[in-house]
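Whatever order the structure lists ligands and atoms in, that order sets their numbers, starting from 1. Residues take their numbers from the sequence shown, with the count starting at 1.
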Amino acid sequence: MSDRVMVMYLGQVAEVGPADALYDEPAHPYTQALLSSMPSMDPDRRTEEAPLAGDPPNPIDPPSGCRFHPRCAYAAPVCGERAPVLLPVAPLRVARCLVHEAGSGHPLAPQLAA
Ligand code: SF4
């Protein structure tokens, strides 16, 4: 139906990319949670645990830093302090996550070259 997909969370773009690449390897934790919540007819691939905990925050008063941090499985202290921006993560793909920002302070982010 669509060649490109945009994923939004709490009024912001979380990730944009070609549909096939985004479905094969989602870059943003919210996209990962959305895709893992899809029902499967295969009993061996059923979701046992809810991929997301909690309720969406109030969009009129969003959380500090990354808007997804209260619900993100990869949240680190820096995620509540710094708001991530959309950055390229692969050809034709962008994502808003500190994990993909070199030197962001997130423990999973690449380090800046010295
Ligand atoms: S910036 Fe932090 S809280 Fe936000 S999506 Fe990335 S890892 Fe999760």
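- Between the side chain of Q32 and the backbone N or O of P26 there is at least one donor-acceptor pair closer than 3.5 Å.
- Between the CG atom in L98 and the CD atom in E81 there is a gap of 10.0 Å [rounded to 0.5 Å].
- At the shortest separation from atom 4 (Fe) of ligand 1 among protein heavy atoms lies C66 SG, 2.3 Å.
- Rounded to the nearest 0.5 Å, atoms CG (D3) and CG (D20) are 8.5 Å apart.
- Within the 2.8 Å limit, C97 places at least one N, O or S atom next to atom 6 (Fe) of ligand 1.
- Although no hydrogens or angles enter the test, the distance criterion places a donor-acceptor pair under 3.5 Å between the side chain of H28 and the main chain of R96.
- Remark: side-chain polar atoms of H100 are paired, donor with acceptor, to backbone N or O of A27 under 3.5 angstrom.
- In this structure, R82 does not count as a contact residue of ligand 1, since none of its heavy atoms falls inside 4.0 Å of the ligand.
- The main-chain N or O of L52 is never found under 3.5 Å from a side-chain atom of R71 such that the two would form a donor-acceptor pair.
- Not one N or O on the side chain of R93 forms a donor-acceptor pair closer than 3.5 Å with the backbone of V16.
- Atom 8 (Fe) of ligand 1 has C72 SG, 2.3 Å as its closest protein atom, hydrogens excluded (heavy atom only).
- Of all the atoms in ligand 1, the ones that sit under 4.0 Å from a non-hydrogen atom of H69 are 3 (S).
- Taking atom 1 (S) of ligand 1 as the reference point, the nearest protein heavy-atom neighbour is L98 N, 3.2 Å.
- Interface atoms of ligand 1 facing Y74, defined by a heavy-atom separation under 4.0 Å, are 7 (S).
- Residue, atom and distance of the protein heavy atom nearest to atom 2 (Fe) of ligand 1 are C79 SG, 2.3 Å.
- Atoms of ligand 1 lying under 4.0 Å from at least one heavy atom of H28, given by number and element, are 5 (S).
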